[in-house]
2 protein chains.
Amino acid sequence: MKTIAFMTGLGITTVSRALKDAPDIGAETKERVRLVAKQIGYQPNRAGVRLRTGKTNVISLVLTLEEEIMGITSPMVIGITEILAGTPYHLVVTPYSSSKDPLGPIRYILDTGAADGVIISRMEPNDPRVTLLTERQFPFATHGRTEMGIVHPYHDFDNGRFAYEAVRKLVERGRRRLVLLEPPPHLTFHSHMRTGFEHGLKDFGAESVSFHQVNIDYSLVAIRDAFEKLMGSSDAPDGIVSGSGSGAIALIAGIESARKKLGEDADMVSKVPSDFLRWLRPEVMTMYEDIRVAGRELAKAVIGRIEGKPPETLQSLSQPEFQPPMARSPEA
Amino acid sequence: MKTIAFMTGLGITTVSRALKDAPDIGAETKERVRLVAKQIGYQPNRAGVRLRTGKTNVISLVLTLEEEIMGITSPMVIGITEILAGTPYHLVVTPYSSSKDPLGPIRYILDTGAADGVIISRMEPNDPRVTLLTERQFPFATHGRTEMGIVHPYHDFDNGRFAYEAVRKLVERGRRRLVLLEPPPHLTFHSHMRTGFEHGLKDFGAESVSFHQVNIDYSLVAIRDAFEKLMGSSDAPDGIVSGSGSGAIALIAGIESARKKLGEDADMVSKVPSDFLRWLRPEVMTMYEDIRVAGRELAKAVIGRIEGKPPETLQSLSQPEFQPPMARSPEA
DNA sequence: CATTTCTACTGTATCGTTACAGATTTCCCA
DNA sequence: TGGGAAATCTGTAACGATACAGTAGAAATG
């Protein structure tokens, strides 16, 4: 900036103000400054700005290491960066080992002012992170909803609707004894999915087969073993709703270990974050949860919040849709 | 820091020096300063340090958006952050849209001093990014190798060995007409894999079926269609080596579209970054590329470089191993 | 005892930026 | 024509940290 000041013969202050289009700078001067700035490829020094103003130009994505399992991080990161690319914001990934202290990274960011906004996930109905961030009036957006009466920016997949439509589809196929592989009970979308499932059962006339031994956070091996037992029992379901793509893989293995056949002994609907299942097991009906879009929405939401937009305008819910069956061959 | 200085009655400079264990500060004073610092939870202000010293305490992971396809980003990010967690470094993800300007993000980082070190991937034999970073003496580590005679930190999976062992395995199964789904030709590991494949053919006595119409960067649909055609032709291979997990999925679809059967008409070996294939298609033989470990190694390597360790001590090659077949049921 | 040497500490300037409180010039109106 | 308002520009201080060049006092040296 000193260089620009020297080249234009102006004061440093003037250059600074001209570049941010302040009203007390002449139009012609601004033009000149902008030209020179572009010419020499001026980029504001982030440390300088940050030290002086406290603005970090950083968005922090707070991740549990557990999230890796679902392969959700990739598209989320990509989606976020797509939006940030057009802004001065950088994306910093802040993980926390062991889910025992979810507040740790939040406190760190609040205490050190490490970012201008945060994106968090794995939301709980009563989430202390949301309480803390709201108290401190710190901009954030959540992947998933809460139930505390606090209005905050979020993006969510309509898991209730997903389960409801899944039940409808299975009943249409003549299935009546349905099972749900659900999210862990402490997360908000557990009850969303559960409720949607139960509504579906009632509305479409099917019954529920209990399967609470495992949830989508369990290891694939644990899910497979539990489901193999269920499928081998006299209580075996004939319709399956899977709350996660990797869970579905384990369920399929369980079915096969029990010497049953998908599509014959049972049908399955699964939420998926990618195309793999559709390619390898086209007999599974899938609803695609687009995490990349979620990343985009969340990035837009935090930025909106940073800019002071009211939180209730920064909420979005993405509607599930069945994916068309995979065309197995070009001429088919 | 001002607070600590006030509380201890020392000068700000003394506090600064005491905290970094400078030799000209009394042992007792250091102890006192450290105690007070811990007491009030002092964390150095990153902007202050960065402005004064130029040290950003940031490692930048430079990604192509294409990388998402392979689902490689998640474990890579997790692996890196695992290492950075014990250090003052933050991880910033810097993507570049459209692979037409791979130098863009590198230039940005060099020009603005946005990071202390960089991790890059999708290496080419003659890679301008490596040239540039080396010229400017900027610490970096690469996921994959180059062939320019420049010694630099890297981590790589031994793709040559992978293809060689894959051929051995297929020949052991009685397969003789082998095909390779290879990486795109401009990337370094293309020739690694190709060479390993050819060596295998020669050493174990098999022949190559040409399949250059597509590579692992093509869409799954394109790969499937091309492979379906090949499998339907009189030139059909009976052994397949797939350079990527998602590619393998498309190949399987191609086989099935051509009304052939995996395990009967042909066997397949694939490199995979996750467990999915093993669960869903246990008949595919897999070698696991652990991207999380790669992330860890790369993080350690850049930090080593930042600390001035010689590059030749920061290189690692991970050896492929066949995964044990999936136990289909607990009692088996 | 004077002088050097060492130990332990400190003040000042600086990194790049912006907030704030002027300063200068021009213009308008009574 | 004098005085105030408006428009445009600028100098200084400060954000938090550290490099550097000291200083003061104690200890060692001859």
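Convention: sequence-line order gives letters A, B, ...; per-chain numbering from 1. What you are looking at is a predicted structure, and each value in this text was computed from that prediction instead of being measured.
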Mind listing the side-chain donor-acceptor pairs of residues 128-135 of chain B below 3.5 Å, one per line with the distance, residues two or more places apart or on another chain?
residue	atom	partner	partner atom	Å
B/R129	NE	B/D127	OD1	2.9
B/R129	NH1	B/S121	O	3.0
B/R129	NH2	B/S121	O	3.0
B/R129	NH2	B/R122	O	3.0
B/R129	NH2	B/D127	OD2	2.8
B/T131	OG1	B/D127	O	3.2
B/T134	OG1	B/V130	O	2.6

Side-chain (B/D116) to main-chain (B/T56) donor-acceptor, under 3.5 angstrom: yes

B/T29 side chain near C/dC9 phosphate (N/O to OP1/OP2, under 4.0 Å): yes

Separation of C/dC9 P from B/E31 CD (nearest whole Å): 13 Å

Separation of C/dA19 P from A/K55 NZ (nearest whole Å): 12 Å

Side chain B/T14, main chain B/L10, donor-acceptor under 3.5 Å: no

Parallel, tilted or perpendicular: rings of B/Y108 and A/H90 (30°, 60°): perpendicular

Contact nearer the 5' end of DNA chain D, comparing A/A27 with B/L51: A/A27

Length of the CG-C1' vector between A/L10 and C/dT17, whole Å: 17 Å

Length of the line joining B/D21:CG and C/dA8:P, which is rounded to integer Å: 13 Å

Side-chain touch A/D21/A/R34, heavy atoms, less than 4.5 angstrom: yes

Whole angstrom value for the distance that separates P of D/dT8 from CZ of A/R32: 14 Å

Check: B/S74 side chain, A/S74 main-chain N or O, donor-acceptor pair, under 3.5 Å: yes

Check: A/H143 ring centre within less than 6.0 Å of A/Y154 ring centre: no

Nearest-Å distance for atom pair CD1/P, residues B/I4 and C/dC9: 15 Å

Separation of atom CD1 in A/I25 from atom P in C/dA19, rounded to whole Å: 13 Å

Test log, rule side chain to side chain contact (heavy atoms under 4.5 Å, CB included), inputs A/L61 and A/M76: CA-CA 9 Å; A/L61 173 63; A/M76 174 69 77; 4.2 Å; yes

Protein proximity profile, nucleotides 17-28 of chain D - base contact B, sugar-phosphate-only contact S, no contact -, cut-off 4.0 Å on heavy atoms: BBBB--------

Short side-chain to backbone donor-acceptor contact, B/D156 and B/D158, under 3.5 Å: no

End axis versus end axis in the helix from C/dC1-D/dG30 to C/dA30-D/dT1, the angle rounded to 10°, five pairs used at each terminus: 60°

